[in-house]
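Residue numbers start from 1 in every chain, and the chains themselves are labelled A, B, ... in the order their sequence lines are given, proteins ahead of strands.
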Protein chains: 2
Amino acid sequence: MADQWNHTALLVIDMQKDFIDEGSPFAIPGARAILPSVYRAVEIARKRGVFVIWVVREHDPEGRDVERFRRHYYGNGKLKPAAKGSRGAELVEGLEMKEGEYKLVKTRFSAFFDTNLHSLLQGMGITHLVVAGVQTPNCIRQTVFDGVSLDYHSITLLSDATAAATPKIHQDNITDMKNVGVVASKVDEWGHSDA
Amino acid sequence: MADQWNHTALLVIDMQKDFIDEGSPFAIPGARAILPSVYRAVEIARKRGVFVIWVVREHDPEGRDVERFRRHYYGNGKLKPAAKGSRGAELVEGLEMKEGEYKLVKTRFSAFFDTNLHSLLQGMGITHLVVAGVQTPNCIRQTVFDGVSLDYHSITLLSDATAAATPKIHQDNITDMKNVGVVASKVDEWGHSDA
């Protein structure tokens, strides 16, 4: 099944300083703990030739492209999480995009919403998705459900390379995703599997 | 009607070195000639407080996000028009994005296709579009027709700030757009109008 890896993409979602670094007001509790697993997932993907996509939020500093419910964080003197060009928008220390990988910018929860992700994957013949990053109930789940709706053949959620505010929220969301056919797998299991 | 300018955006499309500069294999004949008019349109918009959006193509150097019919221009040793980070992807000399303006990256003809343009405009309460740039039958026309389909209240095509390979193609396309309700206007006329 090695050929399958040519048809697989790893989506690494929102692993940016503003959402991970301790001390950031937007840090997701539990996010730092998954860093080694996310790193390992990227290494496995690279070794297999799986296409790695770094999905990040990047926002207009004035907040004009931000969801209404959090637009109040943007503007002069505001915190402006993941503002374009800011340090907080960068990938967290230890994760790095390599040549040949792809950066995909989004402004909503789902990596498919208002982005060229589906076109890109379709054009490359990619039919299998593997998902890591933060946070489980929002950007992860919306991306996964859109992937299900768009008829990707399989979606694998790396359960120890994703995180939420609490373990309960994380687990409850994984249960819902499994109920629609998503495969939940630990990174090490995925590293030994052929799908 | 001054209030109307708060609900208006100027889309300046694909005015990038690779598509405009003489000597570029992708230069659109007639594109250089509109530069002064595009510049004037931007100046008028700024004076009125019209939101200026710089719509540009930017592509993966390997071509993975490019339309199939022109993917052969990308990859090692290829010309790679508007490749991310390249000089050819920059705005043509004389045009410059100012603070407070917005850069919107697209990978297909229409500025609405696989982008956050509609979300952005909806969130800002923008209902009127004014369009400049290149080239009339492709990126201009697809953007305009999508704008019509999305029920923008008015769409103004700046006829002397848009261009195509030949004047005939340019005019024929303007005719088609007028037939679906688009207003074609010279930049100076638009500068004196209140809509």
Side-chain angles (χ1 to χ4, degrees), chain A residues 6-9 49-76 80 82-85 97-126 142 146 150, chain B residues 6-9 49-76 80 82-85 97-126 142 146 150:
Chain A
N6 299 328
H7 303 289
T8 302
V50 163
F51 183 42
V52 178
I53 303 182
W54 299 91
V55 178
V56 291
R57 270 189 189 260
E58 284 187 8
H59 283 297
D60 177 57
E62 299 186 26
R64 294 172 298 197
D65 56 13
V66 177
E67 295 101 323
R68 289 197 162 267
F69 86 96
R70 58 168 139 191
R71 204 171 284 181
H72 60 281
Y73 291 128
Y74 296 79
N76 276 340
K80 300 185 271 197
K84 273 179 201 170
M97 178 167 155
K98 274 202 182 171
E99 207 188 314
E101 296 175 352
Y102 197 91
K103 175 180 168 177
L104 187 116
V105 176
K106 68 180 173 65
T107 57
R108 292 293 183 276
F109 296 124
S110 170
F112 289 102
F113 191 94
D114 279 356
T115 75
N116 70 328
L117 180 58
H118 190 54
S119 293
L120 172 74
L121 297 175
Q122 292 280 293
M124 295 180 68
I126 284 175
Q142 301 317 307
D146 278 350
L150 290 163
Chain B
N6 300 328
H7 303 290
T8 302
V50 163
F51 184 42
V52 178
I53 303 182
W54 300 91
V55 179
V56 291
R57 271 189 188 260
E58 284 186 9
H59 284 296
D60 178 57
E62 299 186 26
R64 293 172 298 197
D65 56 13
V66 176
E67 295 101 323
R68 289 197 162 268
F69 85 97
R70 57 169 140 190
R71 205 171 284 182
H72 60 282
Y73 291 127
Y74 295 80
N76 277 340
K80 300 185 269 195
K84 272 179 201 169
M97 177 168 155
K98 274 201 180 170
E99 206 188 315
E101 296 175 353
Y102 197 91
K103 175 180 169 178
L104 187 116
V105 176
K106 68 179 173 64
T107 57
R108 292 294 183 275
F109 295 125
S110 171
F112 289 102
F113 191 95
D114 278 356
T115 74
N116 70 327
L117 180 59
H118 190 54
S119 293
L120 172 74
L121 297 174
Q122 292 280 293
M124 295 180 68
I126 284 175
Q142 300 319 306
D146 279 350
L150 290 163

Check: residues 117-124 of chain B side-chain donor-acceptor pairs under 3.5 Å, at least two apart:
from	atom 1	to	atom 2	distance (Å)
B/His118	ND1	B/Tyr152	OH	2.6
B/Ser119	OG	A/Asp114	OD2	2.4

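- With rounding to the nearest 0.5 Å, the separation of NZ in A/Lys84 from OH in B/Tyr102 is 4.0 Å.
- If you measure heavy-atom distances from B/Arg64 to chain A, the contacts under 4.5 Å come from both the backbone and the side chain.
- B/Phe112 does not touch chain A: none of its heavy atoms, backbone or side chain, sits under 4.5 Å away.
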Inset, instruction - Decide side chain to side chain contact (heavy atoms under 4.5 Å, CB included) for A/Phe113 and B/Asn116; before the verdict, give the C-alpha distance in whole Å, the side-chain angles of both, and the deciding distance to 0.1 Å. - result: CA-CA 8 Å; A/Phe113 191 94; B/Asn116 70 327; over 6 Å; no
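- The contact between B/Glu101 and chain A is made entirely by backbone atoms, counting heavy-atom distances below 4.5 Å.
- Only the backbone of B/Lys103 comes within contact range of chain A, judged by heavy atoms closer than 4.5 Å.
- Here the CG atom belonging to A/Asp60 is positioned 11.5 Å from the CG atom belonging to B/Leu104, to the nearest 0.5 angstrom.
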